[in-house]
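Note that ligands are numbered from 1 as they come in the structure, with each ligand's atoms numbered from 1 the same way.
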Amino acid sequence: EPIWKFLPLFLLAVILLLSSLPLLVYHSLVIQMLHVQQYPAPASQRNLSILLWHWPFGRSYSLSGNKCLEMYGIGHCFLTDDRSAYPTADVVVFHHQELSNAASILPMHLPRSTAQGWMWLSMEPPVNNANVKQLNGVFNWTMSYRRDADVTIPYGETLPGAGMQGFQSALKRSCFASWVVSKSKPNQTRVNVYQSLQKYIPIQVYGKWKKKPLPDDRLLPTISKCLFYLSFENSETKDYISEKLWRNAFQARTIPVVLGPSRPTYEEVAPPHSFIHVADFKSVVELAVYLNHVAADKQAYEEYFKWHKTHRIKTYTDWRERLCQICLKYPSLPTSKVYQDLDGWVNR
Ligand SMILES: *[C@@H]1O[C@H](CO)[C@@H](O)[C@H](O)[C@H]1NC(C)=O
Ligand SMILES: *[C@@H]1O[C@H](CO)[C@@H](O)[C@H](O)[C@H]1NC(C)=O
Ligand SMILES: *[C@@H]1O[C@H](CO)[C@@H](O)[C@H](O)[C@H]1NC(C)=O
């Protein structure tokens with residue numbers, strides 16, 4: 001047989017092999033990436049021990065087993081609330097509230113290893129962090145929603161990739177706007193804005209303030225009936241964007257009307273065209289006019305939900321998930337840092 005008779009077959013084999021190469025390479029890359037993303041172990045493969053000195057607000061959760069790995073895919077990271085682990089803990093975490101009201105005290109009487117780091121933890125804005133001064137010169141690191149904290153744990157974040165389905169159009173909503181508020185202080189900006197805004201648009205108010213509490217399982221269903229949700233923070237302070245945006249508004253699939261940090265801060269963390277900022281309007285009347293316009297214009301309303309096609313929201317609510325984040329950050333935490341002026345940092 002002349003060799004050229006096999007040429008077509010040979011060429012076909014070569015073409016098949018070559019065309020599948022990129023796919024093979026791509027495949028192995030994807031597998032590598034998935035692996036890295038699922039198990040982002042600390043640079044040192046050493047096990048880290050994170051001791052939570054007391055539970056935030058007195059509510060405890062189970063830490064048995066390997067919670068960081070089981071629940072969040074974070075390896076080599078062990079959480080404990082057993083104070084006998086103190087001598088060998090890599091990080092000791094202190095939640096601020098219990099220190100400030102003396103429900104818990106710092107173990108200043110115990111010897112402190114120079115390799116151990118103490119972490120100050122608070123998810124509250126400065127107004128709710130009383131008595132910080134007494135803690136100056138004690139902590140190595142801070143953990144907060146603030147983006148300049150050593151460990152930043154936001155209430156929520158925007159991730160690429162389409163998320164939730166089932167958008168409910170404006171037509172199906174039976175309520176204009178709602179607001180859930182537990183405490184109202186006179187003179188608070190959010191209260192002032194509400195007081196004037198409710199003259200122009202109907203606002204359903206829930207929560208302790210109006211003695212209309214919403215149980216947890218009623219919260220999102222109730223808010224989701226409304227076109228808008230007032231995501232008004234209790235104070236307008238650096239980076240403070242709470243679950244009032246991430247859970248109450250976004251998870252209920254309503255348009256948040258936000259009052260808090262400046263628009264650029266929201267733009268950096270929230271999905272594109274996903275909120276209406278109070279400060280964009282010269283007056284409350286102009287804000288009300290705009291809300292009425294969006295409510296009446298189907299296209300304008302649905303514009304605010306386009307981001308669902310390209311982005312999704314992740315919320316952080318479990319203290320354990322927050323604590324596990326320490327291990328991811330641990331290799332890059334500064335050494336020999338001490339917050340000599342924690343009070344200044346908190347109130348900056
Ligand atoms: C880390 O902890 C796991 C589970 O307790 C254990 O099996 C492993 O040997 C430890 N690794 C190191 C380096 O100590
Ligand atoms: C934390 O600060 C103390 C001093 O207050 C220091 O001795 C210790 O080395 C620091 N820890 C770390 C991990 O930097
Ligand atoms: C708060 O209210 C009081 C009187 O009601 C007023 O004198 C004061 O200027 C107000 N403060 C702010 C920050 O609006």
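- Contacts between Q116 and ligand 2, counted as non-hydrogen atom pairs separated by less than 4.0 Å, involve the backbone only.
- Taking the six-membered ring for Trp and the full ring otherwise, the centers of W179 and F232 sit less than 6.0 Å from each other.
- Close contacts of ligand 2 with S336, meaning ligand atoms under 4.0 Å from a residue heavy atom, involve 14 (O).
- Side-chain atoms of S122 and H96 form no donor-acceptor pair, as typed in the model, at a separation below 3.5 Å.
- Using modelled atom types and a 3.5 Å distance limit, the side chains of Y316 and E157 yield a donor-acceptor pair.
- Counting only N and O atoms by type, the side chains of S62 and S64 include a donor and acceptor under 3.5 Å apart.
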Could you list each N/O atom of ligand 1 together with any protein N/O atom closer than 3.5 Å, one pair per line with the distance?
from, atom 1, to, atom 2, distance (Å)
ligand 1, 2 (O), N47, ND2, 2.3
ligand 1, 11 (N), N47, ND2, 3.0
ligand 1, 14 (O), N47, ND2, 3.4

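- In summary, the aromatic rings of F275 and Y304 are positioned with their centroids too far apart to meet the 6.0 Å limit.
- Taking the ring centroids of H95 and W53, they lie at or beyond the 6.0 Å cut-off.
- Residue-to-ligand polar distances keep S113 apart from ligand 2: every N/O pair is separated by 3.5 Å or more.
- Residue N140 has at least one N or O atom closer than 3.5 Å to an N or O atom of ligand 2.
- Scored by the salt bridge (Lys or Arg N to Asp or Glu O under 4.0 Å) test, R218 finds no partners at all (sequence neighbours excluded).
- In this structure, the ring of Y339 has its center no less than 6.0 angstrom from the ring center of W141.
- At a 4.0 Å heavy-atom cut-off, ligand 2 touches T114 through backbone and side chain alike.
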